[in-house]
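The structure under discussion appears below in the form of structure tokens.
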There are 2 protein chains.
Amino acid sequence: MSSFAPTEQRLAVTCRQYPAFPREPAVVVRLVKHIHKRVHDDANALLKPFGINHPEYNLLMMLYGTEGYSLNPSQLAEAAGEKSANITRLTDGLCAKGLIERTTSDEDRRKVALTLTDAGLALIRSFLPGICDLLAHQTATLQPRELAQLEKLLKKFLDGLEQG
Amino acid sequence: MSSFAPTEQRLAVTCRQYPAFPREPAVVVRLVKHIHKRVHDDANALLKPFGINHPEYNLLMMLYGTEGYSLNPSQLAEAAGEKSANITRLTDGLCAKGLIERTTSDEDRRKVALTLTDAGLALIRSFLPGICDLLAHQTATLQPRELAQLEKLLKKFLDGLEQG
DNA sequence: AATAGATAGTACATTTATGTAATACTTGCC
DNA sequence: GGCAAGTATTACATAAATGTACTATCTATT
């Protein structure tokens with residue numbers, strides 16, 4: 001029995017009481033919340049032995065996915081979906097752990113470059129196998145076609161959210 | 001241009017550098033994160049004038065979706081996907097606002113019933129039209145068939161996450 | 001009835017996260 | 001030179017989440 005059943009049951013009752021309530025959008029939004037929570041918790045559990053948490057992992061991976069392993073705080077904020085004030089705090093932590101480096105740009109001295117250190121790169125390489133396993137395992141119930149379909153639908157959903 | 005493009009671009013680079021990295025699971029997980037954040041922020045913005053936030057809204061709606069508008073803290077935790085320690089904190093706030101009531105059960109005096117007050121019910125009825133609009137609007141880009149398909153795939157995804 | 005063990009809920013301490021506003025510099029344009 | 005706009009950090013205030021331990025109550029067993 002899925003943990004989602006009680007939630008869905010209550011949404012059904014809500015619809016009976018308030019017929020204008022749009023069941024499917026509400027169900028989808030709740031599912032997203034449940035899934036997000038689960039994925040977040042799983043990732044945190046896996047990453048804890050490596051001394052980092054999920055938000056920090058996201059930042060490291062955004063740097064890893066960039067030529068030269070380097071981004072400005074504002075680019076990093078956009079890529080990771082964090083507010084810039086958060087980026088400062090999170091990158092402070094990563095600097096303190098020696099995983100990234102802050103350097104000021106020569107061309108434009110307002111800018112700061114956040115760059116993976118060798119230690120940061122080594123850490124990423126050490127946890128990536130586990131992350132790959134986790135991701136594969138988490139989506140194991142979905143056939144490749146279903147996964148592709150899900151990606152398409154989620155993108156369409158996100159587009160709708162963003163265009164206001 | 002979607003805000004997701006920079007993220008996706010960096011996942012593509014990651015795949016080139018580390019071919020074992022499972023692109024689609026990672027993309028789907030990131031999409032869930034982005035969507036969740038957006039939905040959460042939208043809801044908070046809508047609810048702010050009503051003096052509550054998204055987690056509090058979730059609790060109120062789970063009570064509203066129950067016969068008698070009443071649940072135990074543990075049932076509420078399950079339905080809302082929160083830890084029980086969080087429920088105490090959140091329901092403290094709702095009690096302080098006079099939206100719900102705490103009463104101890106007569107049959108089992110370990111148990112506590114959390115029940116919507118008239119004020120809570122009135123508040124729900126006042127924000128529900130806006131919530132319905134928001135939900136409909138957020139999913140407006142999806143055709144009914146696509147929404148149904150998305151629901152199905154998300155459920156399958158969640159099942160996979162839960163069965164370990 | 002006595003007691004061990006399970007269950008429900010809360011309290012407290014701690015950590016983590018977030019939001020907002022103010023500040024410090026830099027750049028580029030006029 | 002002076003001023004508007006851009007970039008990042010800081011500081012502060014809150015909010016939120018988590019973990020652990022604690023109290024009270026109930027159940028089952030003897």
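Atom set for the values below is all heavy atoms of this structure, side chains included, hydrogens, waters and symmetry mates excluded. So you know, we letter chains A, B, ... as the sequences are listed, proteins then strands, and number each from 1.
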Grab the N/O contacts between the protein and nucleotides 15-17 of chain D below 3.5 Å, and write none if there aren't any.
from, atom 1, to, atom 2, distance (Å)
D:dA16, OP1, B:Asn53, ND2, 3.0
D:dA16, OP2, B:Asn53, ND2, 3.1
D:dA17, OP2, B:Arg89, NH2, 3.1

Could you run down the sub-3.5 Å N/O contacts of the protein with nucleotides 23-29 of chain C?
from, atom 1, to, atom 2, distance (Å)
C:dT26, OP1, A:Arg109, NH2, 3.2
C:dT26, O3', A:Arg109, N, 3.4
C:dT26, O2, A:Arg110, NH1, 3.4
C:dT27, OP1, A:Glu107, O, 3.4
C:dT27, OP1, A:Arg109, N, 2.9

For this session: Apply side-chain contact (heavy atoms from CB on, under 4.5 Å) to A:Thr91 and list each qualifying residue two or more places apart in sequence or on a separate chain.
Result: A:Leu59, A:Leu76, A:Ile87, A:Ile100, A:Arg102, A:Leu114

Exercise. If you round to the nearest 0.5 Å, how far is CG of B:Leu161 from NZ of A:Lys37?
Worked result: 13.0 Å

For this session: Sequence neighbours left out, what pairs pass salt bridge (charged side-chain N to carboxylate O under 4.0 Å, His left out) with at least one residue falling in residues 141-153 of chain B?
Result: A:Arg23-B:Glu151, A:Lys156-B:Glu146, B:Glu151-B:Lys155

Can you give the donor-acceptor pairs under 3.5 Å from side chains of residues 118-135 of chain B to other protein atoms, not counting sequence neighbours?
from, atom 1, to, atom 2, distance (Å)
B:Ser126, OG, B:Leu123, O, 2.6

For this session: Treat primed atoms plus P, OP1 and OP2 as sugar-phosphate and everything else as base, then score nucleotides 10-15 of chain C 5' to 3': B for base contact with protein heavy atoms under 4.0 Å, S for sugar-phosphate contact only, - for none.
Result: B-----

For this session: Determine yes or no for a side-chain-to-main-chain donor-acceptor pair under 3.5 angstrom, with B:Gln75 supplying the side chain and B:Asn72 the backbone.
Result: yes

Seminar exercise, completed: Residues passing the side-chain hydrogen bond (donor to acceptor under 3.5 Å, both in side chains) test with B:Gln143, sequence neighbours excluded, are none

Problem set entry | Atom-pair distance (NE2 on B:His36; C1' on C:dT18), nearest Å | 14 Å

Exercise. DNA chain D: A:Asn72 or A:Asp41, which has the more 5' nearest nucleotide?
Worked result: A:Asn72

For this session: Tell me, please, which residues at least two apart from B:Asn58 pass side-chain hydrogen bond (donor to acceptor under 3.5 Å, both in side chains).
Result: A:Arg30

Seminar exercise, completed: B:His36 meets the ring pair (Phe, Tyr, Trp, His ring centres under 6.0 Å) criterion, sequence neighbours left out, with A:His36, B:His40

For this session: Mind calculating the distance between CG (B:Leu76) and P (C:dG9) to the nearest angstrom?
Result: 10 Å

Seminar exercise, completed: So salt bridge (charged side-chain N to carboxylate O under 4.0 Å, His left out) across residues 50-72 of chain A, not counting sequence neighbours, yields A:Glu56-A:Lys97, A:Glu67-B:Arg16

Exercise. Between B:Lys111 and C:dA8, is there a side-chain N or O to OP1/OP2 distance below 4.0 Å?
Worked result: no

Seminar exercise, completed: The side-chain hydrogen bond (donor to acceptor under 3.5 Å, both in side chains) partners of B:Glu82 (sequence neighbours excluded) come to B:Asn86

Exercise. What pairs with A:Arg109 under side-chain hydrogen bond (donor to acceptor under 3.5 Å, both in side chains), at least two apart in sequence or on another chain?
Worked result: none

Exercise. In whole angstroms, how far is the C1' atom of C:dT18 from the NZ atom of B:Lys48?
Worked result: 12 Å

